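Worksheet: the structure to be examined is printed underneath.
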Number of protein chains: 2
Amino acid sequence: MNEPKSEVREALLRATVKLFAEGGTKAASTRRIAKEAGVNEVTLFRHFGKKEDLICSAMRWFADQNRVEPLPADPLDPERELVDWCREHHQRMHKLRTLIRTCMADHLEHPDRNSPTLKMPVQVNNELYEYLLRVRASGLASGTWDARSAANMLMGALFSDAMGRDAMPERFPTASDDAIAQYVGLLLSAIGAKTEEGRSAKFEVRSA
Amino acid sequence: MNEPKSEVREALLRATVKLFAEGGTKAASTRRIAKEAGVNEVTLFRHFGKKEDLICSAMRWFADQNRVEPLPADPLDPERELVDWCREHHQRMHKLRTLIRTCMADHLEHPDRNSPTLKMPVQVNNELYEYLLRVRASGLASGTWDARSAANMLMGALFSDAMGRDAMPERFPTASDDAIAQYVGLLLSAIGAKTEEGRSAKFEVRSA
DNA sequence: GAGTCGTGCAAGCAAGCGCTTGCAAACGCC
DNA sequence: GGCGTTTGCAAGCGCTTGCTTGCACGACTC
């Protein structure tokens, strides 16, 4: 839009995100970013002025690339639809876990810098929240549960799983795909949307 | 034990944890740590040799201070017992959220440095896991749910709530105490341990 | 052909970093 | 009184950091 496309510019943004994810502000020095992008350090400053502006631009650029996976407008099979959607979401978070962790730590010191990346989880959460409302409205669930808390609970399970799975293997002995199915199954039971055939065998844990 | 007690030493450890939580390795420079502890920078090096050793010692020292809250050996009222326990745990995580975030980001670069702090969530999770097994064994719950996943789910909800509540207020419109009660209620429903009187009104959201 | 634009290169600046050295003062202990 | 331990203070080392300057070279346009 207002910013002219440029190979150099994009290479710098990409390098910034990569190094920033790997080691935060400390690892993402202007010399290293420039080298990673195959560009002279001076060029970096000519494009972005200050390092701070470069990082902000890189965060905005990165956040703009990611779209929120939609959930069905008309829920038919909540179990299958949710498992599919959660696996997608979990996989993405797991791939981005180092960047997410760095952004979380950085958020205290630079709230504005990370605000674009924070919109992503909020949108994903809203998508799930509104889906749960639709599930209830269509009569596929029952009970007096709070949709906001239910959404937060499932998202929280996925999030902490994606963040902690590699660091705490004893906490996550189950394969991630099976664990996700378990989370979804538990949530559906909690909101009174669990079918009988689903409860019996389909979502047992494989590796207990 | 093997390390002699010392006011100076403890002041340095405390200052290290504080500055490290605020801004990671970057903010926790030896000059700043010494100043925060009210001690000369040279004294720091005389005590700990290298900065790396100081940080490791500080992490171990801090992890040793925190004990895991026990859950009842004989579950009587899971709803009340879990809500109390979760509130305690949530409150502690929320207070330590900046330190937790920094450690998570730092864990990629220095896995050994942060391993003592990682034992804490694992122990807490085991405490909940074994409690859920007891709840099932005592006949207070029913169904074929996986206790490990159930524990991870509740812990994940608490964790992501404590981490994200201040950064994403739109995701957490409910007061934390009420949200926690909601999480517990949902989990108990999921594992077939929800009582009727509990479902009716006791755990409604206050601020919808 | 002149001029503009984007880039590379060499050099350098002040500041902060982890860490070291040498010396003096204060303390408790024999 | 002497002696070892602990601390403070001043200074400095080599290094990395963010950032700047000056100059030269190629590509493109008018």
Side-chain angles (χ1 to χ4, degrees), chain A residues 1-61 102 105-106 108-110 112-114, chain B residues 1-61 102 105-106 108-110 112-114:
Chain A
M1 306 288 177
N2 45 1
E3 293 159 355
K5 286 184 186 179
S6 159
E7 286 185 26
V8 179
R9 185 181 180 87
E10 192 171 322
L12 281 167
L13 294 172
R14 196 188 313 278
T16 303
V17 171
K18 181 185 174 189
L19 292 179
F20 185 77
E22 284 176 6
T25 313
K26 194 185 170 191
S29 74
T30 54
R31 278 168 177 74
R32 248 182 287 200
I33 293 172
K35 190 175 180 182
E36 171 80 23
V39 158
N40 196 280
E41 191 189 2
V42 188
T43 304
L44 182 156
F45 284 101
R46 283 197 269 245
H47 268 270
F48 295 95
K50 296 181 301 177
K51 178 188 175 182
E52 176 65 24
D53 293 353
L54 165 61
I55 295 190
C56 288
S57 300
M59 289 302 163
R60 242 180 293 113
W61 170 79
T102 308
D106 193 59
L108 177 76
E109 218 174 344
H110 306 275
D112 50 328
R113 173 196 287 181
N114 297 287
Chain B
M1 308 291 178
N2 46 0
E3 291 159 357
K5 286 185 186 179
S6 160
E7 285 185 27
V8 178
R9 186 181 180 87
E10 191 171 322
L12 281 167
L13 293 172
R14 197 187 313 278
T16 303
V17 171
K18 181 185 174 189
L19 292 179
F20 185 77
E22 283 176 6
T25 312
K26 195 185 170 189
S29 74
T30 54
R31 280 167 175 75
R32 250 184 283 197
I33 292 172
K35 190 174 181 183
E36 171 79 25
V39 157
N40 195 279
E41 190 190 5
V42 188
T43 304
L44 182 156
F45 284 102
R46 283 197 270 245
H47 269 269
F48 295 94
K50 296 182 302 177
K51 178 189 176 182
E52 177 64 25
D53 293 352
L54 166 61
I55 295 189
C56 288
S57 300
M59 288 302 161
R60 242 180 293 114
W61 169 80
T102 309
D106 193 58
L108 177 75
E109 220 174 343
H110 306 275
D112 50 327
R113 174 196 285 180
N114 297 286

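Residue numbers begin at 1 in each chain, while the letters A, B, ... track the order of the sequences. Note that the structure is predicted; figures quoted are calculated from it, not measured.
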Using modelled atom types only, decide if a donor and an acceptor are shared between the side chain of [X] and the backbone of [Y] within a distance under 3.5 Å.
X      : Y     : answer
B:S57  : B:D53 : yes
B:T102 : B:A21 : yes
A:K51  : A:T25 : yes

Distance in angstrom units between [X] [atom1] and [N] [atom2], rounded:
X     : N      : atom1 : atom2 : answer
A:L44 : D:dT17 : CG    : C1'   : 13 Å
A:I55 : D:dG18 : CD1   : C1'   : 11 Å
B:E7  : C:dC27 : CD    : P     : 14 Å
B:R9  : D:dT5  : CZ    : P     : 18 Å

Gap between atom CD1 of B:I33 and atom CG of B:L19 - 0.5 Å precision: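 With rounding to 0.5 Å, CG (B:L19) is 6.0 Å from CD1 (B:I33).
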Spacing of A:L12 atom CG and A:H47 atom NE2 [to the nearest 0.5 Å]: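 Rounded to the nearest 0.5 Å, the CG-NE2 separation comes to 6.5 Å.
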A:T43 side-chain N/O to C:dG8 phosphate OP1/OP2 under 4.0 Å: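 Checking C:dG8 against A:T43, a side-chain N or O does come within under 4.0 Å of OP1 or OP2.
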B:H47 side chain near D:dT7 phosphate (N/O to OP1/OP2, under 4.0 Å): yes
Where protein sits on nucleotides 9-21 of chain C, one letter per nucleotide: B base, S sugar-phosphate only, - none, heavy atoms under 4.0 Å: BB-B----BBBBB
Salt bridge (Lys or Arg N to Asp or Glu O under 4.0 Å) partners of residues 11-25 of chain B, not counting sequence neighbours, each pair once: B:E10-B:R14, B:K18-B:E36
